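Everything numeric here is computed off the predicted structure, so don't read it as measured data.
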Protein chains: 2
Amino acid sequence: MKRSKRRSQHVTVRDVARAARVHFSTVSRVMNPHTRSQITESVAKRVLKAAERLGYRTNALAAGLRTRRSRVIGVIIPYIDSPLYPPILLAIEEILSENGYVAIISNTQNDPAREERVLAEMMARQIDGLIIGTATRHDPVVKGWAQRGAPLVMINRTDQTGAAPSIIVDDLVGLGLIVDHLVELGHKAIGHIAGPQQLSTGAARSEGFRKAMARHGLQADAITIAEDFTREAGRRACHALLNQFPDITAIAAANDLLALGCYEALQERGLSCPKDVSMTGYNDSVFVDLLRPPLTTVRIPQREIGIQAARLLLEKIEERRALARDVVLRPQLIIRQSTATPRASVLLSNSSQRF
Amino acid sequence: MKRSKRRSQHVTVRDVARAARVHFSTVSRVMNPHTRSQITESVAKRVLKAAERLGYRTNALAAGLRTRRSRVIGVIIPYIDSPLYPPILLAIEEILSENGYVAIISNTQNDPAREERVLAEMMARQIDGLIIGTATRHDPVVKGWAQRGAPLVMINRTDQTGAAPSIIVDDLVGLGLIVDHLVELGHKAIGHIAGPQQLSTGAARSEGFRKAMARHGLQADAITIAEDFTREAGRRACHALLNQFPDITAIAAANDLLALGCYEALQERGLSCPKDVSMTGYNDSVFVDLLRPPLTTVRIPQREIGIQAARLLLEKIEERRALARDVVLRPQLIIRQSTATPRASVLLSNSSQRF
DNA sequence: ATGAAAGCGCTAACAC
DNA sequence: GTGTTAGCGCTTTCAT
């Protein structure tokens, strides 16, 4: 008769137990799929009915405190308002939800201080695992987590230490597809707007560019590094590139946002794409098919990245295996109208023929 | 000497207390900003130093179980991969993070079953409040939460009951801006691709269209309702609209995605925008300035929506006031190149004058 | 100003 | 198969 007065909003196992005339641990066993088989069918039914009637919902905080498993996972990404991430997040959330997990999603804006803060909040909430899209090439966060044996999966970017599995796209192949396509169109003087080199994506795509150019016996020195994967950085880098290398007939940008910036820069210089300069992007972001002109780019399996990352993380959490399997997904060339044969003037001077 | 053997990974208040030679409740008081003032400065310093040294981090699950406050809030939106939401989510997360809260973000794809499931997961985790962008005009979720007195804020869409505060944009004004602009350009036969009418946004924008047309003494019967706020639905609706009303010279779409679909439909019909038909969108989604042609649209303060929603929710949570203040934000017309004077042929027949 | 004690709601040995 | 018991780590009266 002690706690019956406090019929507050929360229905607990004890309330259900009283209603079903069983011990509260029996209720717990019924509610937990893992221990459900221990209970007689008739008793289980009675408990379930009472729970239903009282509107019982298990308190994940209490359960988590006891089991040391919160069924919450953390997701840290640099920019949620970049077109790259939403489809990935969507897929992650779908897989997690199917498995009774939820995601705490945080942005860092590539700011290490913010990253540290959100990570602290996540750890305080006893997250069971972490998916991060912010790994730098030698990432202290990655190292820290991996050393503590905490389940961690990197997406999109990877660090160099191999301390945790990652889901990435084969950017070497991706830039190869781009360069092959441009060369096939007849381009020889091809420039590259590179992404930040401390990010694996930026570095890998630059390397892919260089290797592919070398494969074709072409010079790969027309490279400008954009300080960030943004439209504005792309615009500035494009101007710099064209100032230094006015003769290039095609520009391979390290991602779509950079390519958008290049579109602006070209327009500002009175250059037409693809007549004067062919452009390519990377990621096949939503809407780039509607740009002027529609952007030739490389499609990466965003959804698949999310699915694989979530699956891999859940495997690590539930099985506690230290599998360091990396997943490398293949990109696909999407040809649109921002690429064409090199401009006539250059064709003339470079190959001394017309038509 | 009982529990000293289990030097497991987690450092607790007891560990810190032992190291600082105080009672563990003192540690708790030091760590909690609210009770910190009760402790002598020197003792506090000693505790803090010990905590630092041992790497103590408070366990939010345990604290939440005790205080019945999880410092987690739920965010439910229909589509994370719609360009509307990421900036809102970014702002929400920023405000929450500043206040020591984190967000569990879930997508529903407008599927009520999914909504129910994610909501159950959130409730199990004892979320302190909820921000939802999925409210239908008579929403059971909204009603349920409001009745239980749980802090809830609606964004973007609102229900009709006024059961909870909402942060919305003044869509009547927004469509008014659009219609005024088109009329000023000389359009009279203006069509409208409406959004789903069970959503407050769809309904409000249609009403805004009708009222504005009436204000100008124009017929507002060229309306087709798209079954969803998607590009494909926009494409189909645009075809239907033009089949039924071939003479319209301008189309006001209820959002940008619908306008994109219209772009496709116009292209399929061999019509040029804005020469044959002027187009307008709504939301000023990222990239619509780079479309062919750049889209005239209405900019809504996405970031502000997120900020206001998070602030309002935190107010409700911390002060437990039942303020039902609605926030209505003002939209802004963004004129680009998808709108122009009506096509010559129509000008001729409609107003019997040229130039 | 600090210590003592109780308990948030749950799970998981351990009994019987 | 079900009841008993003991915490998970924390906050918060109540003493002192």
Side-chain angles (χ1 to χ4, degrees), chain A residues 2-18 20-47 51 54-71 123-126 128, chain B residues 2-18 20-47 50-51 54-71 100 123-126 128:
Chain A
K2 261 178 180 167
R3 51 188 313 293
S4 64
K5 247 338 132 30
R6 290 189 58 269
R7 174 164 290 296
S8 62
Q9 42 241 42
H10 286 278
V11 181
T12 76
V13 278
R14 298 183 139 86
D15 299 319
V16 177
R18 207 178 312 120
R21 321 206 122 270
V22 293
H23 192 266
F24 69 82
S25 63
T26 303
V27 175
S28 171
R29 290 188 183 101
V30 171
M31 303 316 282
N32 191 308
H34 209 67
T35 48
R36 170 70 176 277
S37 54
Q38 301 174 9
I39 270 66
T40 320
E41 192 52 33
S42 66
V43 176
K45 224 161 225 160
R46 209 165 76 230
V47 169
L54 298 178
Y56 171 80
R57 317 208 114 279
T58 162
N59 181 330
L61 259 48
L65 178 59
R66 182 60 231 243
T67 59
R68 306 177 157 289
R69 306 281 280 347
S70 62
R71 298 204 142 241
M123 286 174 59
R125 282 163 184 85
Q126 314 298 112
D128 292 338
Chain B
K2 262 178 179 170
R3 51 186 312 293
S4 62
K5 252 328 140 32
R6 290 187 60 270
R7 174 166 289 299
S8 61
Q9 44 241 43
H10 285 278
V11 181
T12 75
V13 276
R14 298 182 139 86
D15 299 320
V16 177
R18 208 178 313 121
R21 324 205 119 269
V22 293
H23 193 263
F24 67 81
S25 62
T26 303
V27 176
S28 170
R29 289 188 181 99
V30 172
M31 302 318 281
N32 192 308
H34 208 69
T35 48
R36 169 70 176 277
S37 55
Q38 301 175 8
I39 271 63
T40 318
E41 192 52 32
S42 65
V43 176
K45 226 163 226 159
R46 209 167 75 231
V47 169
L54 298 179
Y56 171 79
R57 318 208 114 277
T58 163
N59 181 330
L61 258 47
L65 177 61
R66 181 62 228 244
T67 60
R68 306 178 155 288
R69 306 279 278 352
S70 62
R71 298 203 145 239
M123 287 174 58
R125 283 164 184 83
Q126 314 299 110
D128 292 338

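- Nearest nucleotide to the A:Arg66 side chain, out of D:dG3, C:dT11, D:dT2: C:dT11.
- Here C:dT2 is the nucleotide among D:dT4, D:dT11, C:dT2 with the atom lying nearest to any side-chain atom of B:Ile39.
- Among the nucleotides D:dG3, D:dT2, C:dA1, the one closest to the side chain of A:Val22 is D:dG3.
- Side chain of B:Arg125 to backbone of A:Ala60: no donor-acceptor contact under 3.5 angstrom is found.
- Residue-level contact check: B:Thr35 touches neither bases nor backbone, having no heavy atom under 4.0 Å from any strand.
- For the pair B:Asp15 (side chain) and B:Thr12 (backbone), a donor-acceptor distance under 3.5 Å is present.
- Here the nucleotide nearest the side chain of B:Thr67, chosen from D:dT12, C:dC10, C:dC8, is D:dT12.
- When the nucleotides D:dT11, C:dG9, C:dA5 are ranked by their closest atom to the side chain of B:Ser28, D:dT11 comes out on top.
- Using modelled atom types, one side-chain atom of B:Thr67 and one backbone atom of B:Ala63 make a donor-acceptor pair closer than 3.5 Å.
- Taking the side chain of A:Ser25 as heavy atoms from C-beta on, and the options C:dA4, C:dC10, D:dG3, the nearest nucleotide is D:dG3.
- Side-chain nitrogen and oxygen atoms of A:Thr12 include none within less than 4.0 Å of the OP1 or OP2 phosphate oxygen of C:dC8.
- Of the candidates C:dT2, C:dG9, C:dT11, the closest approach to any side-chain atom of A:Asn32 belongs to C:dT11.
- Distances were taken from every side-chain heavy atom of B:Arg29 (C-beta onward) to each of D:dG1, C:dA5, D:dC14; the shortest belongs to D:dC14.
- Nearest nucleotide to the side chain of B:Thr26, out of D:dC10, C:dT2, C:dC10: C:dT2.
- Among the nucleotides D:dC8, D:dG1, C:dG3, the one closest to any side-chain atom of A:Leu65 is D:dC8.
- Not one side-chain nitrogen or oxygen of B:His10 sits closer than 4.0 Å to the OP1 or OP2 atom of D:dC8.
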